[in-house]
Amino acid sequence: MQYAQIILPLNLKGTFTYKVPEELDSKIQEGMRVLVPFGGKKIYTGIVFELHDLAPEDFIAKEVISILDDYPIVPSQQINFWNWLSNYYLCNLGEIYRFAFPSSLKLESETYLKLKPNAVIEFENLDVNEMYLIQALEVRQLINLTDIEAFIPKKEIIKTINSLIDLQYIEIDEKVAEKYKAKEVAYVKVKDEVLVNQNLTEILLQLNRAKKQKELFLNIIEKQTENPDLHIRKSELFEDGYFGSSHFKALADKNLVEEYYLQKDRIESYEGEIEEIEELSEAQKEARIEVDEAFEEKKNVLLHGVTSSGKTHIYLEKIEECINEGKNVLFLLPEISLTKQITQRLEKKYGRQLGFYHQKLTDFEKVEVWRRIKNNDIKILIATRNALFLPYQNLGLIIVDEEHDSAYRPREVSPFFNAKDAALVLAGFYDARVILGSATPSVESYYLARKEKLQYVFLNERFGSVKLPEFELINFKEAQDSKKVSGNFSLQLIDEIKKTLDEKNQTIILHNRRGYASVIECETCGYVNYCSNCDVVLTYHKAANEMKCHYCGQRASKPKTCPKCHSENLNERGVGVEQIHEEISKIFPENEVDRMDVDSMRKKFAYEKLYEKIEDRETDIVVGTQMISKGLDFDHIELVAIPKADSMLYVQDFRAEERAYQLITQVSGRAGRVSGNGKILIQTYNPDHSVFQLIKMNNVTKIYKYFLTERQKFHYPPFTKLIMIELKHIKDDKVNRASQFLGSILRKYLPEDCILGPERAQIARLNNLYQFQILLKLPRGKNYEKFKNLVLLSLKEFDEITAYQSIKKEVFVDF
DNA sequence: AGCACGCCGACT
DNA sequence: GTCGGCGTGCTC
């Protein structure tokens with residue numbers, strides 16, 4: 001007797017045991033999709049996690065209804081990977097399954113049934129429900145589970161279906177059950193017999209009275225004879241509006257032409273020429289050798305290359321090598337909008353062997369990529385973090401570009417995991433290699449490299465020996481004292497921009513705060529406008545003329561008078577990027593000043609338009625939030641100014657300084673990429689702050705040493721492991737009590753100095769939920785597992801309290 | 001997660 | 001009297 005552990009797409013602990021019926025016994029394999037009944041009436045697509053023959057003791061296992069695949073759809077490496085994720089990040093396998101699979105591949109009760117062809121039905125042996133179902137199927141051929149509910153009691157549905165399947169009267173229609181449909185494209189051609197048998201001049205004579213038809217016919221025949229292997233798209237004929245579909249139809253009616261359909265990949269692939277990559281510089285060659293040596297020892301690499309040092313060149317070399325060995329490459333990016341440059345280069349080289357995968361694809365497009373990966377049709381996949389779950393057949397290399405980027409571990413989507421770390425583990429299961437690349441590696445990765453867990457490869461110079469930009473600190477306090485300021489800018493900063501403009505070069509101004517003013521306050525009574533869903537002050541957006549909550553998105557109109565005391569003295573405080581943009585536009589009225597932030601880039605193609613404007617040098621100054629630190633590789637940006645640099649440092653987060661360093665360095669990389677005369681102006685009240693001083697010195701080793709010392713001093717990662725537990729509920733006192741209680745359980749098992757909190761979250765209420773946090777600082781190394789198990793035990797104990805079941809609980813490992 | 005069951009308040 | 005709110009318990 002065989003049993004299967006099944007992963008269901010539910011956020012429930014562990015797997016579920018099902019009995020494998022005899023007739024499926026020889027077919028079933030781990031990693032296949034199966035249909036299983038669950039609860040009263042639901043049917044889910046589950047994944048076979050494990051097969052065994054241990055009958056469960058305290059419940060009766062239900063039977064697997066059917067198997068959906070002929071071969072495992074999830075490779076064993078992926079099953080291992082899921083299992084690791086679930087153990088390491090303390091999340092459920094079901095959550096991972098949901099995240100990993102496009103929804104068309106995990107059907108729920110939409111599953112269709114049909115009569116088995118040639119089934120001889122003996123009606124006298126059927127019960128009422130079975131009879132109903134058979135009759136319904138005779139009328140309708142296909143029927144889905146939701147429809148069956150109309151005539152069979154919910155609880156009887158599964159029983160009925162199972163017994164009819166046992167009797168071999170009905171079956172699950174897999175073709176219909178698969179929601180995915182391939183896209184077909186219409187193509188046209190001149191009919192074969194026309195080309196073979198008929199006299200062309202005669203046909204053309206016939207067509208003389210229909211000028212357009214004749215032209216169209218000639219047009220098609222010309223294309224076809226020019227290149228007989230090329231398919232002519234129907235839509236292509238009508239593109240310029242000269243021909244209409246009626247012309248084509250007339251020709252078709254005369255039996256001269258015909259249309260035919262071909263399945264088309266939903267994702268357009270590159271069909272242009274294929275190009276060789278350029279040669280490496282000396283520094284790159286050295287780096288490449290170091291990478292090779294590390295790979296030789298099966299060691300992964302941290303490629304630390306200063307901005308525009310040409311990390312991409314090294315990626316390309318390694319990609320090519322990997323593909324030549326017959327293996328596949330996964331190229332991860334923090335967000336898909338950054339693909340532009342890398343894609344262009346890879347497309348030229350690899351053409352149709354290149355694929356893309358990210359959350360913006362439609363479900364069908366995802367399935368298509370899924371299949372192409374499964375069939376090994378894609379050699380290189382450029383993708384975001386969710387592509388870690390595709391069914392790779394022989395993965396050889398994973399590149400994690402911009403590995404420091406926080407988009408690799410978004411907090412909002414569950415399951416919570418860091419794609420950079422997960423990539424290293426996934427690669428391990430495939431015996432593949434990993435390159436983590438960044439100009440500003442995360443402190444954690446740098447530490448791993450120092451501990452020789454990763455091979456550290458440093459590219460210290462820009463490609464073509466272009467000089468790195470120069471940093472200058474402007475003491476804003478001094479400037480203010482000597483009255484050398486205009487608004488938020490010192491006169492020195494304004495002068496530098498002027499100089500850059502005079503030389504016909506471009507300037508970037510970074511100010512990492514959205515909106516116009518962060519607070520609108522009544523001067524008379526002190527009233528400020530709060531979000532009604534969150535404990536957060538609304539930000540004033542002048543461009544949209546409204547107040548916005550940056551956390552839940554709520555919007556309100558801007559009050560003209562104080563809603564409380566009706567005073568008209570409303571004061572704007574806290575400078576946002578819109579205000580910086582406004583000021584700069586006023587200082588340089590003759591110049592083109594543009595703004596780049598999520599609010600101004602929301603419109604379709606807004607980003608592309610601005611990108612082109614900057615490229616064509618129509619834009620003189622770009623003012624923007626952190627968005628401008630990515631992807632803007634232009635030749636004529638010479639100056640980067642950061643007028644309020646302090647605002648980046650004083651954020652309550654142990655990574656704030658690291659982030660500030662990364663952001664400043666990334667944006668500085670936009671300056672002087674060609675000329676080597678780039679200049680970065682950092683305006684601050686604290687020019688003596690270590691971070692600014694270290695950035696100015698531009699000594700990478702010292703900066704990371706500083707970060708590591710700070711982290712060690714305050715017991716933060718990478719010297720400890722953090723787990724953050726967040727509890728949320730509508731009722732403040734309820735979460736408060738619950739978190740106190742969880743805190744006391746944790747203190748029972750763990751030493752006091754491991755536990756911080758419970759504390760109210762920085763944002764006490766978000767989306768109408770009050771939130772409390774407990775931060776655990778656990779030792780790294782072999783004790784970590786032991787401690788984590790105690791955390792798990794505590795959480796289990798907490799879950800036993802039924803009164804707290806309604807509390808939303810989230811656990812962030814490696815927070 | 002999703003669903004059923006059961007217990008309370010506010011409606012025809 | 002019943003409809004529907006959500007607290008509780010259960011799913012192989």
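Nothing here was measured: the structure is a model prediction, and the numbers come from that model. Here is how names work: the chains are called A, B, and so on, in the same order as the sequence lines, proteins then strands, and each is numbered from 1.
Within the 3.5 Å criterion, the main-chain N or O of A:F812 finds no donor-acceptor partner in the side chain of A:R411.
With a cutoff of under 4.0 Å to any heavy atom of chain A, the contacted region of DNA chain C is bounded 5' to 3' by C:dT8 to C:dC12.
The CG atom of A:N92 sits 9 Å away from the P atom of B:dA1 (whole-angstrom rounding). Atom P of nucleotide B:dA1 and atom CG of A:N11 are separated by 5 Å, given to the nearest angstrom. Look at NZ on A:K808: it is 12 Å from C1' on B:dA1, rounded to the nearest Å.
Using a 4.0 Å cut-off between charged nitrogen and carboxylate oxygen, A:D405 and A:K420 do not count as a salt-bridge pair. Using a 4.0 Å cut-off between charged side-chain N and carboxylate O, A:D421 and A:R409 make no salt bridge.
Within 4.0 Å (heavy atoms only), A:S806 reaches no atom of the nucleic acid at all. When heavy atoms are screened at a 4.0 angstrom cut-off, A:Y18 is found touching the sugar-phosphate backbone but no base atom.
Put simply, the residue from A:N328, A:N80, A:L395 that forms a side-chain contact (heavy atoms from CB on, under 4.5 Å) with A:Y430 is A:L395. Exactly one of A:K788, A:R780, A:K721 qualifies for a salt bridge (Lys or Arg N to Asp or Glu O under 4.0 Å) with A:D814. That residue is A:K721.
The shortest side-chain heavy-atom distance between A:L538 and A:K548 does not fall under the 4.5 Å cut-off.
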